[in-house]
Protein chains: 2
Amino acid sequence: MELELDERKLKILKAIIQNYLETGEPVGSRTISKYADLALSSATIRNEMSDLEEMGLIMQPHTSAGRIPTDKGYRLYVDELMEEKEREKPDGNEMLIQRVDRVELLLKNLAKILANNTNYASLVTAPQYHHNKLKFIQLSKVDEKKILAVVMMEGNVVKNTLINTLEPVDEQIIVKMNLLLNSFLTGLSVSEMNLAVISKLKNEAGEYAPIIETVLDTISSMITEDDEEPQIYTSGATNIFKYPELSDGEKASGLISTFEEKSVLNELVVKSMNEPKQSHDINIYIGDENKNESMKDCSVVTANYELGDGMQGIIGIVGPKRMDYEKVVGTLRTLMAQLDDIYNKS
Amino acid sequence: MELELDERKLKILKAIIQNYLETGEPVGSRTISKYADLALSSATIRNEMSDLEEMGLIMQPHTSAGRIPTDKGYRLYVDELMEEKEREKPDGNEMLIQRVDRVELLLKNLAKILANNTNYASLVTAPQYHHNKLKFIQLSKVDEKKILAVVMMEGNVVKNTLINTLEPVDEQIIVKMNLLLNSFLTGLSVSEMNLAVISKLKNEAGEYAPIIETVLDTISSMITEDDEEPQIYTSGATNIFKYPELSDGEKASGLISTFEEKSVLNELVVKSMNEPKQSHDINIYIGDENKNESMKDCSVVTANYELGDGMQGIIGIVGPKRMDYEKVVGTLRTLMAQLDDIYNKS
DNA sequence: TGTTAGCACTCCACATATTTGAGTGCTAAC
DNA sequence: GTTAGCACTCAAATATGTGGAGTGCTAACA
């Protein structure tokens, strides 16, 4: 026998899920039968529920309890049933975020706003610089064998590293190298700094080529892999304590640890970067769809942000599966739109 | 009637506390009576315990339970009773830490080591720079009205800020300012950059004085108040879940929040800076002695570290009151000694 | 006078009934 | 196809009972 997902079943499923999102309690047939727009007795609802359960969309925590959505049920809901709350477009001083000179501050702020608005945990990855252009390099002599390299990228992201040279380097040479490096590399993205450019640069450098080499090595590693650990800004990790299904010992500990360990967080989120972008660049991962063990009871919602000049990264929130998806997606959309307004239109 | 703390009472108190530190269970009179070096019956111990309770050093969670130490009892213990485990002096490759060029990395690492070694949560404040000397300043032109200021202090701490100028600034002027700033300020500590120096500097600057002023303002605020939030490195916050008395919902949430909010942490720890230094610079705060609400059930142990050139800060651990004080103090001492070896002797 | 054995008492922790109520599945009637 | 009705299930809440660890007190002892 073939079970069909007719209109009525969908309506019932939606009602069950929405009710469960609100209350967090298993939903019984009587509750749904009171729903206005489908005037059915609880007995009928029970029959339908039984079907929905057989289809794997809902389940009972135990016999004689109401139903709660399964991961599959949630998936159907976010893909088909949920209606995004129409959001008023950003309007003058209603803007939540404002442009600041330093991108890091903006992103930190973004994480905080998101956590406060949603009451879930939020994370924002620092932008990937690969397509991003170099604004300038500045080498300065620290002492005999130490050079400080300061690199500024588009978006005013500043990074710096100490370079230890094998031989003492003269002040003069540093000035020359500064000129050289800047004239060759400024305006290039990291991927554009290929062998051709580099060998030309070395040629030009003449006897200082070895030093240039060291400098280039350092700079490239400085730009590509983010020195020690990936830069991720998080906020509101403790919000998870607001949801009983996540806040008991074991789980909470694992989740908070994950948030402490930026490298793990990074893995979690990087995959979303490579995935085909669906539904306006917002991705939702429900329960077991998350690779990370500590997230199996969570849902993760991510969005790709873009700051212009190829600077892009991921912003996301982590919360219980029983999450207000509509609100979260809405909030993310709003923030993305505002970022767009600030960085790409003006 | 006057209760005297005689030798025997002290011995019993010490036995109770040490037992409680190990087991985490209230300690009964029979347990102590089995203690080898004071051969007494449980009845006698009970009498003594009754006295110790009256003195406010121990208490019962409920009638007919064993005794646990009060804050006052812990205080007496750490002040008088506890014996620090003698530690082997750092010896070649037993060193836990090694010198690195960037102080930040060292401190981050320090926090991690401390958390892993003790199984408590650790925190390390970035050094206060007030007595620290400027190594050099480097201004670079970013675009018409933006200057990037990079400042390096002794210890190779690098900070940078964007300065927005009112008027476009010529490349020439920046070069001049660089020379000027460095010749006047290099080698000075922030406190030495007083009005005399500054007005002399402005004089010399002539028509560029307004720009210099902006630059100086920015630099001083960059050095003194640590831009956005105080720099504090934390590690192992999730260790608190290992201690049942801290890991239940309410408390754990509060503690983790405190660790997320660096500014609160800072307050907690700053007071230890100003306090008279007792017992080789290690301070212990037990339970209610902590000002911060979320720490009332914790003990905090802090030490002042010093990296030479007046760079100093605080390193500390946070754990349950039932903490292995001897080990913690020992570990801190060892680390301090190693830091000393690295930074102050060589 | 300090120490100890002995005993009654307290109270938590744990286990075991008992009750309650929300919710189900099934059947029979409409 | 829908619904009322009923027996059934099971978690959660509420009593009830028991065991044991630990105490305080008293009276005897060195």
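Not measured: the values here are computed from a predicted model. Lettering of chains follows the sequences in order, A, B, ..., and the numbering in each one begins at 1. Values below: every heavy atom of this structure, side chains too, minus hydrogens, waters and symmetry copies.
- Screening B:Leu114, B:Leu110, B:Val318 for a side chain to side chain contact (heavy atoms under 4.5 Å, CB included) with B:Ser122, the sole residue that qualifies is B:Leu114.
- Close to C:dT4, at under 4.0 Å from its OP1 or OP2, lies no side-chain N or O of B:Arg30.
- In this structure, the nucleotide among D:dC10, C:dT24, C:dC12 sitting nearest to the side chain of B:His62 is C:dC12.
- Rounded to an integer number of Å, the gap from B:Ile32 CD1 to D:dG22 P is 11 Å.
- Nucleic acid contact for B:Ser42: none, since no nucleic acid atom lies under 4.0 Å from a heavy atom of the residue.
- At a cut-off of 3.5 angstrom, counting only N and O atoms as typed in the model, there is no donor on one side facing an acceptor on the other between the side-chain of A:Ser41 and the base of D:dT3.
- Searching all strands for a Watson-Crick or G-U wobble partner of C:dT10 with both distances below 3.5 Å returns D:dA21.
- Base pairing annotation: D:dT26 forms a Watson-Crick or G-U wobble pair with C:dA5, both donor-acceptor distances under 3.5 Å.
- Each of D:dG24, D:dT23, C:dT24 was ranked by its minimum atom distance to the side chain of A:Gln60; first place goes to C:dT24.
- To the nearest 0.5 Å, atom OH of residue B:Tyr325 and atom OG of residue B:Ser299 are 2.5 Å apart.
- The partner of D:dA15, taking Watson-Crick or G-U wobble pairs whose two distances both stay under 3.5 Å, is C:dT16.
- The interatomic distance linking B:Glu53 (CD) with D:dG22 (P) rounds to 15 Å, in whole Å.
- In this structure, the CG atom of B:Asn47 is 16 Å from the P atom of C:dG6, given to the nearest Å.
- The only member of A:Lys321, A:Lys296, A:Lys72, A:Arg75 that meets salt bridge (charged side-chain N to carboxylate O under 4.0 Å, His left out) when paired with A:Glu289 is A:Arg75.
- You'll find that the side chain of B:Ser64 is closest to D:dG22, out of C:dT24, D:dT3, D:dG22.
- A residue-by-residue look at B:Arg8 and B:Arg46 shows that B:Arg8 has its nearest nucleotide of DNA chain C further toward the 5' end.
- Spacing between atom CD1 of A:Ile12 and atom P of D:dG1 amounts to 15 Å, rounded to whole angstrom units.
- A heavy-atom distance below 4.5 Å is found between the side chains of A:Leu52 and A:Ile12.
- Scanning both residues, B:Tyr77 and B:Ile17, for their nearest heavy atoms gives CB-CD1, 3.6 Å.
- In this entry the distance linking CD of B:Glu48 with P of D:dT23 reads 13 Å, nearest Å.
- Rounded to the nearest 0.5 Å, atoms OG1 (B:Thr234) and NZ (B:Lys262) are 3.5 Å apart.
- Taking atom CZ of B:Arg67 as the reference point, atom C1' of D:dA21 lies 13 Å away to the nearest angstrom.
- Out of D:dT3, C:dG25, D:dT23, the shortest distance to the side chain of B:Ser29 is found at D:dT23.
- At a threshold of 4.0 angstrom between heavy atoms, the contacts of B:Ala43 include nucleobase atoms, whether or not backbone atoms are also involved.
- Closest to the side chain of B:Ser50, out of D:dG24, D:dG22, C:dT4, is D:dG24.
- In this structure, the CD1 atom of B:Ile68 is 14 Å from the P atom of C:dC12, given to the nearest Å.
- Atoms CG (A:Asp6) and P (D:dG1) sit 11 Å apart, rounded to a whole Å.
- Note on B:Thr44: a base of the nucleic acid sits closer than 4.0 angstrom, heavy atoms only.
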